[in-house]
Amino acid sequence: MNQRNLELKISKRMDMVSKMSFKQPLIIDIEGNSRDDGPGIRSVVFFKGCPLNCLWCHNPESKKMEAELWWDREKCVACGECMKVCPEGAISRDNLFFIDRNICKRCFKCVEVCPSKALRCVGQEMSVDEIVRKVVRYKKFFDTSGGGVTLSGGEPTLFMEFTSTLLKRLRDEGIHTLLETAGLFDFKQFESLVLPYVDMIFFDIKFIDSSEHERYCGVKNERVLHNFILLHNKSQCGHFELLPRTPLIPEITDTKKNIQATADFYHKHQIKKTTLLPNNPAWINKLEMLGKKDIFDNKDPIRKFYDQEKEKKIKEYFSRHGVEASFG
Amino acid sequence: MKTKLSAKKEMYELLQSVAQTFNSTPSLQEELKGTQGWINATVGIRTGDNQVQQAVIIKDGKISVIQDSIPKDAGATLVFATEKDLADYQKANVDDVCRMILASRIRVDGNQALYGYFNYLVSLLFGQDDIKAAKSQAEEHQKENLKLAEKAGKPDRQIRNERIAGRLKGKKVDPGVGWLDDPYMAKYSLDDFPRLKQFKDDHHNTLPEVSAEQGKLLTDFHIEHGYETKKDGTPWDPNLRMAKAFHYLMANREPVIRPNGLIAGTMTPNPICGSVTQPYTIGWSIWGELKTIHGRELDPYNITNETIETLHKHVFPFWMNRNIHQLWIDKFDYPFPAQINDRLFCLNLWSLVSLHPGCPGFEKAVKMGIKGIREEIDRELNSDPKADPEKKNTLEAMKISLDAVSVYAKNLAQQAGKEAKMETDPRRRKELEHIHDILLRVPDNPAQTLEEAVQTLWIMFIAIGLEGMDDDVAFGRMDQILQPYFEADIKKKSSQKDKEDYIKYALEVVGCLFMRITSHRIGAPTIASWQNSGAPPTSTTIVGGVTPDGKDAVNDMSYIVLKAAEILSLNDPNMHARFMPGVNSETYLKRLCEVNYITCGTPGIHNDEAVIKALSQNDGWAIEDIRDWTPTGCVEPVLPGKHLACTGDIDSNLMAPFTMALNNGYHPVAMWDFGPKTGKIEDFKTFEEFYNAFKAQFEFIYGQAFIGSLQLLKIHQQVMPSPLYSAITEGCIEKGRGITRGGAKYNSSGASLIALSDVIDSLMVIKKLVFDEEKFSFKELKEAIDNNFEGYSKIHALTATAAPKFGSGDQETVDMANRVTRMVADLLHNQDNGRGGNYSTGYRSNNNHTVYGRVSGASPSGRLAGSPFTPGLTPNPSASKNILDNLLDVAKLDPETLDNNIAFNVRLSFSKKNTYEQNIDNVADIVNAYFDHGGMQIQFIMVDADTLKDAMAHPEYYRDVVVRVSGYTGYYVQMQRDLQLEILGRSEFGV
């Protein structure tokens, strides 16, 4: 645990971050066909940048808002073209992760010459039009399967106006919209800009205890929970669906204390349904591609897929407390 | 130099020792004598540069060997490309030899049957070694398979059982379903049908048997009555000769009723599974393996010593100069098409063995009975006093052939009666008496009950199979044919219980028919098993779609047939389903997806709208007939009972002309410079110039294929005019012309092309990276592929990242794809096939995508040497991780250029998070949207990679997991290892 705490280096991001709104997001990727991000066949638009800094973040490349350099060892054909063009001399086989990120000025000249796409620039500017054009091709698949488009990230609500325009355009195309959010946003803005155009919201409830939330996610969660309750009350009118989601991270979010507190919270606010996201360690491999060390102990349970018996028990626990849990 | 000399010398010494052993061993000398006298042959062995030339002369019971020359009259010559190949051959294992053959390192020039004879003689001495080699090859494979399986994550050994257990119930919503309250028939499993369960166990546990019955009887007949001419020297009318021989065959063959079976008649005397071994189309090709076929790794067969002797001494010697292949190379002044075909790298003309792939009018026989058809023929003869001799003879031959069917049915009836009398079990006795009674009525008379209809169907199927070479004959729309009889039967049942019992019985009867359908295989040499390993004779059967007047055709029998497919999970019938968006119900589509899920890979699903659109471009084809279409062979559409479609007439490798365009007419794998000079790489200044070179090579190859196809048609008109097939094909009686003479109402031929997506991807690399963006020169690219990209990693990386691939959602690539399919269609759609029709074009590949890939060099697309091409027109796995892009790109291909249909393979794996029903719904969503975009066909393999790996290593757990290769269906565990790996390497899309 100690090592982990070291790595966290929790940036004491102010709750203020939730009041910020940025104009143009970078888009990491548009995944054409997802079955994991909402009902039916869905396309998922991944925004770059997040006010949280969760230890287990499944998309570590989505944390920073700025474009990042990505290097995939497997794809590298060792042609050396990148070294020739790097103005800073930041690329060398001698570097632990190929690129010396202390020197790299992120000019991405190396990306342009890399023949195998081992080097990539994560985060591209994309207009609302471009995004809509990309996903609208799949509309028939959305329609036959009851699917649509999911905005994910990162945190789309960091870019309230952009998100608003995008959702509205999708809605105009007759496409079902879903937003995945960590819940740290200015409610008033959200209510006027996002809520009118969204059909479904997946809302992360990671911890009930605020200091735990701060410890593992970098910020306190009072606003998160408050926003959730406000949204829950609004959702009763039936214009949109709201579904909380809790990641099951071993020994972090799946503690007896947190599960109990979560169930109590739901019970108190008459939340009947939730989704559990059992730990999936695939993201750990992404660390070195971003130039980060994998500091987890070999035996750390975070490296393993979540125990099936355990997830069943947690599901049953929720069920006993009147909350129907499914797995996402 | 040393190895070269020794290889040459070793071969000579080997031949010498063979000769000496034979000459000094009386029992072996006996093998040189057939029923028609000494079997004589001269077989040469040489290298491409003629540095090695040796020959074996087998004459009048003696074998002699010549060193350093080959007599001019040598019947067959084994050619090694180089002396190194000769040396390699002597050390090669079974797999290596196959690969050498496919890669043109070894070939046989001349009479291949003669070479088979020579091989047979050699196997008398070394056959045991071959069997041992096959065994150790299999052990090697098993070792590798175990290693591979160790790396597999979580295989799902219970895959079939779990899926069977989850069966859904369906709602009765289809207007044509009148009697099934739960059309999915969820309450029934195989356990409810002990008879079928037994049959299925037998099917999996019994090797098929090579039969000599048909060969012997046809040989006997022709020895007695003459073949080229009658015994008195007067010419035969081809139809009459064939009809009389067929009559002799049907009258004298063994009438077999499978113990405990409900349907009488078998394709061969072995009631569980046999190979007809048709002597003059394909049977001769196993001559060399008669002694080893039971011990080979791929598609082994049982064979008795008596059968070996009959085939070797009696049947094959008679046909060795009379088989179609030999006639093809012998009878024409222009042997070039046959030479190209025999080199294996480029063309594969199925008309070399049969024009029968299609769907004859089985329904007509069921409805009218043999007598009814006979009366129709008589009426035609009476009403046409001006009938020419061909018409008279053809119609007379039809009657003789129909009589042959009646005689066989009567023999079966007699047999049933005899067995009933001897039967001690009263239940079985009653069944046999019932079978006897049915056979007294049908197929002579119109069927009146479901059982009668099924019995007629099966006897007609046997008859058509034995008239031809028993391959690729489709049953067609089984649900449409059988529904009236099902309804007539069930209406007679009064109580609810009687009705339910009857439905269960109807399912059992269809199940018995399915088990009959899978009771025959095509014995073929090992090399053919590489090309189509695990392939049954593909008796294609389809349900659903629309009726001739465009209404919903789904009925009770659609679901009963699907249920039989589900519980039996067989390789054959090759099950397909038609789905007409907006007309057929979602309930029905969901069932199609569920049967796929339970069986892991069947039925293939076709978009009626797209297929009907593709077929409608044919002038003069009535829409009512088009709406009645059915697939045959793998997927190719035909109009049942009205159409001779020869859908496999020309199979070809599209990469061959492409490679020749890169090499100025030379083919590096075949090591043959035979194409037109279309320019050196350096000469191409624009992409268009190169594309034109490709087009010129393509037109050249196809020009040769057309000539070959017409030559083969001429042969078929003489040796296989098929009067019975003609009698149940609309148009033939009225025109007085058999199917090979354009008698059918509709006449087309089919072509299928392999490697489409690799050619498209290669063209895109050349267009984008060489000419548009000038990332590297054409010459550099050519050097890279000539070196299999070794030392050219940058170019290789760019082919993967910088050029869009078919299936990635890139419009320019789709345009390129349509340009290529249009180029193909424009040539073929306008080519006369000699029967008053043209060629249709399609993209399915059997297993040739693996085989051709294995022996092809690297492609500009970045594909490495030896890697398989993709099956059918499936996009390359690297094109996109997104299944939707794959589906959309395939759906954007112009259906008019795909009128011989496509095989689009999609392998799916299922999330453990989903419920059973979600899995089915997810598949249905994909199919719905793909069809909505205009996609023509889709076929699934619903097994994940870990499970496939486990199945390779532990086949005992997966005996009936069926997978779709590229059109045909087979058991994964029976497939050739390269093919297993290819299926494993296909994109796996999670749903």
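Predicted model, so just to flag it, every value in this text is computed and none were measured. Naming: A, B, ... by sequence-line order, numbering from 1 per chain.
- Using a 3.5 Å distance cut-off with no hydrogens or angles, the side chains of Thr262(A) and Thr246(A) do not pair a donor with an acceptor.
- For Lys794(B), the parts lying near chain A are the backbone and the side chain together; criterion is any non-hydrogen pair under 4.5 Å.
- In Lys613(B), the NZ atom is not crowded: 12 or fewer heavy atoms of neighbouring residues, nucleotides or ligands sit closer than 6.0 Å.
- For the options Ile795(B), Asn928(B), Leu884(B), heavy-atom pairs under 4.5 Å to chain A are most numerous at Leu884(B).
- When Leu887(B), Thr799(B), Asp921(B), Val927(B) are compared by the number of non-hydrogen pairs under 4.5 Å with chain A, Leu887(B) comes out ahead.
- In terms of non-hydrogen atom pairs under 4.5 Å with chain A, the most contact-rich of Leu888(B), Val991(B), Asn914(B), Asn922(B) is Asn922(B).
- Listed options Ile41(A), Asn33(A), Val77(A), Asp143(A) were ranked by heavy-atom pairs under 4.5 angstrom with chain B; first place goes to Asn33(A).
- Cation-pi geometry between Arg245(A) and Phe202(A) is not satisfied (NZ or CZ under 6.0 Å from the ring centre, within 45° of the ring normal).
- Open room surrounds NZ on Lys109(A); 12 or fewer heavy atoms of other groups in view lie less than 6.0 Å from it.
- Glu783(B) CD: more than 12 foreign heavy atoms inside a 6.0 Å radius.
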